[in-house]
2 protein chains.
Amino acid sequence: MAISMEMQALEVSKSCIVARLRKLNREVSAIYEDCFRPFGLTVAQFNLLISIGAHGEASPSRLAKVLSLEKSTVSRNIEKMHAHKWVEVIPQGDKRVHTLALSDIGEKLVEEVLPAWRIAQQKTEKTYGPLTDLLNKVTFV
Amino acid sequence: MAISMEMQALEVSKSCIVARLRKLNREVSAIYEDCFRPFGLTVAQFNLLISIGAHGEASPSRLAKVLSLEKSTVSRNIEKMHAHKWVEVIPQGDKRVHTLALSDIGEKLVEEVLPAWRIAQQKTEKTYGPLTDLLNKVTFV
DNA sequence: GCAATTTTGTTGTATATACACTTATTTTAT
DNA sequence: ATAAAATAAGTGTATATACAACAAAATTGC
């Protein structure tokens, strides 16, 4: 005889990787969103700022690749950041391409927000333990 | 003297928990979305179906709590699932509340999609190793 | 050298999500 | 018993995200 739907669903819900990962993602993202909110900055924007900062200069497609984002997502998020004048657009020889770099304002914003980021990091590790080990397989740049 | 922005950003990008977690979340979610797409089912919908199934019957606010979702998010996602007739709405004595249960169609859908889910689980573990340990702290129900 | 393919970025559209606010109902305190 | 507080669900609005389709430019193969 088949197991009952309820038992089966319970088993699935306990072992489902994507369900747990997404829940963890929502909870952890909320911690960082709260810390960044006073700066008018979102987590997605922070991640892009840092990635651009780490590259010095990077094209949207490069950012999409290293962050596993759709190019259209990068496009639209950068749009807002450009409107805030946090990033500069640098034309290239290849006329399809342009690169992005932090503006002075963008660099200042990063410096300003880093203490809040450190608090979020601490809060997260305190709540969830060392996620870092698990996440070490997720590389950037 | 201050470290250069580039070095600092690189350091942050390497140690930032939320950045890595979100990237992992996007990548893993994409695996499951691909597996569920042939069934016209999204990951968010699958997670709700399974959670409802595991509860037998659950209110939106209960689902929001156990999945760490905003009630408004649950509301809107359930709306579509109800339109598909995957879930039934069960009125309660407390007139503010209602509960949700899987319909026959919903149960059939879960049964149908489980093989695809197992493939996604395997694919994910093969690519990322045993995330399960890390995610064991993320509990449901 | 040029047609076919690939690459880059953008736009249209849809889902997932959160926050602030609203409405209806229930519970609580006095 | 009733006014005040709390709870449940839904709406308005905004961001994050993906996929499909597009246009422009570059690369490739012959």
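Computed over heavy atoms, backbone and side chain alike; hydrogens, waters and symmetry mates excluded. To find a chain, count down the sequence lines: A is the first, B the second, and so on, and within it residues start at 1.
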Quick one: pull up OG in B/S68 and CG in A/L24 and give me the separation to the nearest 0.5 Å.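 One gets 9.5 Å once the value is rounded to the nearest 0.5 Å.
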Rounded to the nearest 0.5 Å, what separation is found between the CD atom of A/E107 and the CD atom of B/Q8?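 Going from the CD atom of A/E107 to the CD atom of B/Q8 covers 9.5 Å.
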Would you indicate what [X] reaches in the nucleic acid, counting non-hydrogen atoms under 4.0 angstrom: base, sugar-phosphate, or nothing?
X	result
A/S61	sugar-phosphate
B/K71	base
B/S68	sugar-phosphate
A/S59	sugar-phosphate

In terms of hydrophobic clustering (I, L, V, M, F, W, Y; side-chain heavy atoms under 4.5 Å; direct or indirect links), are [X] and [Y] co-clustered?
X	Y	value
A/V110	A/F39	yes
A/V97	A/L100	no
A/I119	A/Y128	no
A/V89	A/L63	yes

Separation of atom [atom1] in [X] from atom [atom2] in [N], rounded to whole Å:
X	N	atom1	atom2	result
B/L67	C/dT17	CG	P	9 Å
A/I31	C/dA18	CD1	C1'	15 Å
A/R26	D/dT15	CZ	C1'	16 Å
A/L69	D/dT15	CG	P	17 Å
A/E33	D/dA16	CD	P	7 Å
B/E27	D/dA18	CD	C1'	14 Å
A/L21	D/dT17	CG	P	14 Å
B/D94	C/dT23	CG	C1'	14 Å

Near DNA chain D, which residues from residues 74-87 of chain B have a heavy atom under 4.0 Å away?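 Contacting residues: B/S75, B/R76.
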Under 4.0 Å from any atom of DNA chain D, heavy atoms only: list the residues of residues 34-46 of chain A that qualify, in numerical order.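 Nucleic-acid contacts, sorted: A/T42, A/A44.
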Measuring only between side-chain heavy atoms, which start at C-beta, is [X] closer than 4.5 Å to [Y]?
X	Y	result
B/Q45	B/F36	no
B/V12	A/W117	yes
A/L48	A/L67	yes

Starting at the 5' end of DNA chain C and moving along, which residue's nearest nucleotide shows up first, A/H98 or B/K95?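 Counting from the 5' end, the first nearest nucleotide belongs to A/H98.
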Has the side chain of B/E125 got a donor or acceptor atom that lies under 3.5 Å from a matching backbone atom of B/K123?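 No; judged by distance alone, with no hydrogens or angles, the pair does not exist.
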Looking only at atom types and distance, does a side-chain atom of A/H55 sit under 3.5 Å from a main-chain N or O of A/S51, one as donor and one as acceptor?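 Answer holds: yes.
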Residue whose closest nucleotide on DNA chain D lies nearer the 5' end, B/E70 versus B/A30: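 Its nearest nucleotide lies further toward 5', so the answer is B/E70.
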Is the distance from OP1 or OP2 of C/dT17 to the nearest side-chain N or O of A/R22 less than 4.0 Å?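 Answer is yes, contact under 4.0 Å.
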side-chain N/O A/T73 vs D/dA18 OP1/OP2, d < 4.0 Å: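 Answer yes for this pair, as a side-chain N or O of A/T73 is under 4.0 Å from OP1 or OP2.
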Using five pairs at each end of the helix from C/dG1-D/dC30 to C/dT30-D/dA1 to define an axis, what is the angle between those two axes, to 10°?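 Rounded value for the end-axis angle: 30°.
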B/N47 and side-chain contact (heavy atoms from CB on, under 4.5 Å): which partner among B/V43, B/I50, B/L49?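 The single option meeting the side-chain contact (heavy atoms from CB on, under 4.5 Å) with B/N47 is B/V43.
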Of the listed nucleotides D/dA20, C/dA24, C/dA20, the one nearest the side chain of B/R96: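 Shortest atom-to-atom distance from the side chain points to C/dA24.
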